[in-house]
Number of protein chains: 2
Amino acid sequence: MPPNKPPTIYDVARHAGVSITTVSRMINTPDKVNGDTRVRILAAIDALGFVPKAEARARAMRGTGRIGVISPFFTAPSFVQRLRGIAEALSAKKFELVIYTVDSAERLKSLLSSVPLTGNLDGLIILSLPVDDADARRLVDHGLPTVLVEFPHPNLSSVEIDDVMGGRMAAQYLLKKGHRRIAFLGDTDLPEYSLHPVSQRLVGFRQGLQEAGIELPDAFVRLAPYSQEQTRKVAAELLSMPQPPTAIFVATDFQALGVLKAARQLKIQVPEQLAVVGFDDLDLAEYADLTTIHQHLDESGRLAVEILLSQIESPSRPTRHVKLPLTLIERQTA
Amino acid sequence: MPPNKPPTIYDVARHAGVSITTVSRMINTPDKVNGDTRVRILAAIDALGFVPKAEARARAMRGTGRIGVISPFFTAPSFVQRLRGIAEALSAKKFELVIYTVDSAERLKSLLSSVPLTGNLDGLIILSLPVDDADARRLVDHGLPTVLVEFPHPNLSSVEIDDVMGGRMAAQYLLKKGHRRIAFLGDTDLPEYSLHPVSQRLVGFRQGLQEAGIELPDAFVRLAPYSQEQTRKVAAELLSMPQPPTAIFVATDFQALGVLKAARQLKIQVPEQLAVVGFDDLDLAEYADLTTIHQHLDESGRLAVEILLSQIESPSRPTRHVKLPLTLIERQTA
DNA sequence: AAAAAAAATGAAAGCACTTTCATTATAATT
DNA sequence: AATTATAATGAAAGTGCTTTCATTTTTTTT
């Protein structure tokens, strides 16, 4: 027997000198087994540390609960911060954290179909990923308590922010600072269906400008793939226009860093010649002295766990949709 | 089908017009099933209300399908990058990723005593955490294939770097750049036992300087808690000395950012007045244009998974100790 | 268009047991 | 002592799935 392979009923039978049938009887209906034989089989069970596999597995699962997190791949620091909140909230509890990373819509679909069926989880958190009606129904039907973060669905609990308001806040701040040639930069990597938070931030931003009678020209709305290098390039184009903007609202801090890099390379003074506002308030926003719309990334993870655990305890409780507040953090860049 | 008999995989297969193999794949590795077929099978599962029987699954499965990772808490971006490598390597496999975060030596001890006993992991990766002889013996005795990353133990496979050499490389680079008043800044958060990589980087750094006849004065060796704010303060003290260093080797990129911040606040030009070299080459090193010793953080995670999976497949294979190379990435700060 | 490679799917073996039917051993009855 | 009944045990079939190896289909390459 390989050292790491647990003993089976065959091993016990061999050890005790009986058939597996008799061992099975010993376990299930011992009164049908002769006394002396019973003793011999029990000794073998003890000696080998035998536990029927299904029971061993059930027993192993019983000790701790298991929370799954379906998360976009670790490329975005905001996901890491939410995950940190989740891990922190779970670390004091008797729960394991199981991570399923997603790098495509296909993969998300895959997970959402298999995770409710394999029966390994007590609860599930889905981070910043869209869930459709069929997916939501399956999760509910299989009784897997689920909390969504950032992308809500009416049938499942969620932790959200008001992205429209966030965009509006950025617009109002830049207007208050006296800016009139104002641009927006967001990312292109949006899911095919589902309103993306970045799109909502643009909606709010546009509304905020319109409320002050300021247009947001199409030339001042730029999208870049979610990488600093690509963002830098797009920002460089924007900043090299004949009449470039004097302020940019960047839909995520991560890409705001790309904008700052472009400014640095074009020797444009921030904030004197260019004001930059980001969104998220990532850990590294402080390093970059970035003015940004702060959302409680870590707290969103913690709160998701709190809601989930209460649903695991009382499955009949109604779903909850919680909106976390936004605040504007004024640093150096705007 | 008898009305009170729950549907089985055979019923689902018949209903969807596929084999039970394909249904099983849909449940366990859905990415290996064609999209249209997946939809059909899911519809059949939903229509029949099929739930796989736990006992039958337990019987049929050749393992737990789960890989555990014991990791320091997500405060350090380097752990996140290693974890990213792990997640990437596992995402194409049939394993779930279970995270156990560690925020104290007590917690580490607790995990290392309980995790091998639960029998619900196929393998374990331990990230940047010390493992003593008793821990290593327990892991081996219970047959839990284990790979260590960063902190090696002779009895377990590991993925490492040569931290001493890394320190030496930084020293040689700064000397080549003409620096003679050279300092070191590392972090104070070291485990109570086990030689920490940062200590080894200092050893190598010191050696590299000594080989050129340069002393590293005690006043030029500073330690700060692993936060940018604390690091900034310690760096500010260092930089405010009567004869401050003209170059600093910072043992981690994360803290190097704190040093750069201190320089900025003291209006010290980098690299003209102060050269800064970091270690790790974190994602954000590029943003900060940080010259740094590059280690393959993502790759260390991927390689750990590769070694682990080969040990799960063939437990009798001998342990492997792999050292990943280091390269110096020359950017703006030095 | 043909050949090669990759993806999707299926047949059959296997898992770790339980259960049914058969065989053997022992005890009770005549 | 022989026969019958009961108890103990085993062989083989069955469970509801997973997995391995093979086959078919589709896609890509030449």
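Keep in mind that the numbers below use all heavy atoms, side chains included, and drop hydrogens, waters and symmetry copies. In the text below, chain A, chain B and the rest are named by the order of the sequence lines, each starting its count at 1. Computed from a predicted structure; not experimentally measured.
For the pair N34(A) CG and dT9(D) P, the interatomic distance rounds to 5 Å; values are reported in whole Å. Here dT25(D) presents its C1' atom at 18 Å from NZ of K32(B), a figure rounded to the nearest Å. For the pair L48(A) CG and dC17(C) P, the interatomic distance rounds to 12 Å; values are reported in whole Å. The distance between atom NZ of K5(B) and atom C1' of dC17(D), rounded to the nearest whole Å, is 13 Å. Atom-to-atom, CZ of R25(B) to P of dT18(D) comes out at 11 Å; the value is rounded to the nearest Å.
Counting distance only, with no hydrogens placed and no angle test, the side-chain atoms of T21(A) and the base atoms of dA11(D) include a donor-acceptor pair under 3.5 Å. Taking 3.5 Å as the limit, the base of dT15(D) and the side chain of R59(B) contain a donor-acceptor pair of atoms between them.
You'll find that the side chain of R62(B) is closest to dT19(D), out of dT18(C), dT19(D), dG16(D). Distance from the side chain of I20(A) is smallest to dT18(C) among dT19(D), dT18(C), dA8(C). The T37(B) side chain lies nearest to dT9(C) when the options are dT18(C), dT9(C), dC17(C). Listed nucleotides: dC17(C), dA11(D), dC17(D). Nearest to the side chain of P52(B): dC17(D).
Within the 3.5 Å criterion, the main-chain N or O of V33(B) finds no donor-acceptor partner in the side chain of R25(B). When atom types are taken as modelled, the side chain of T319(A) and the backbone of S157(A) share no donor-acceptor pair closer than 3.5 angstrom.
Electrostatic pairing of D11(B) and K5(B) does not count as a salt bridge here, judged by no charged N lying under 4.0 Å from a carboxylate O.
At dG10(D), one or more side-chain N or O atoms of T22(A) fall inside 4.0 Å of OP1 or OP2 (strictly under the cut-off).
In the model, D133(A) has a side-chain atom that pairs as donor or acceptor with a side-chain atom of H153(A) under 3.5 Å.
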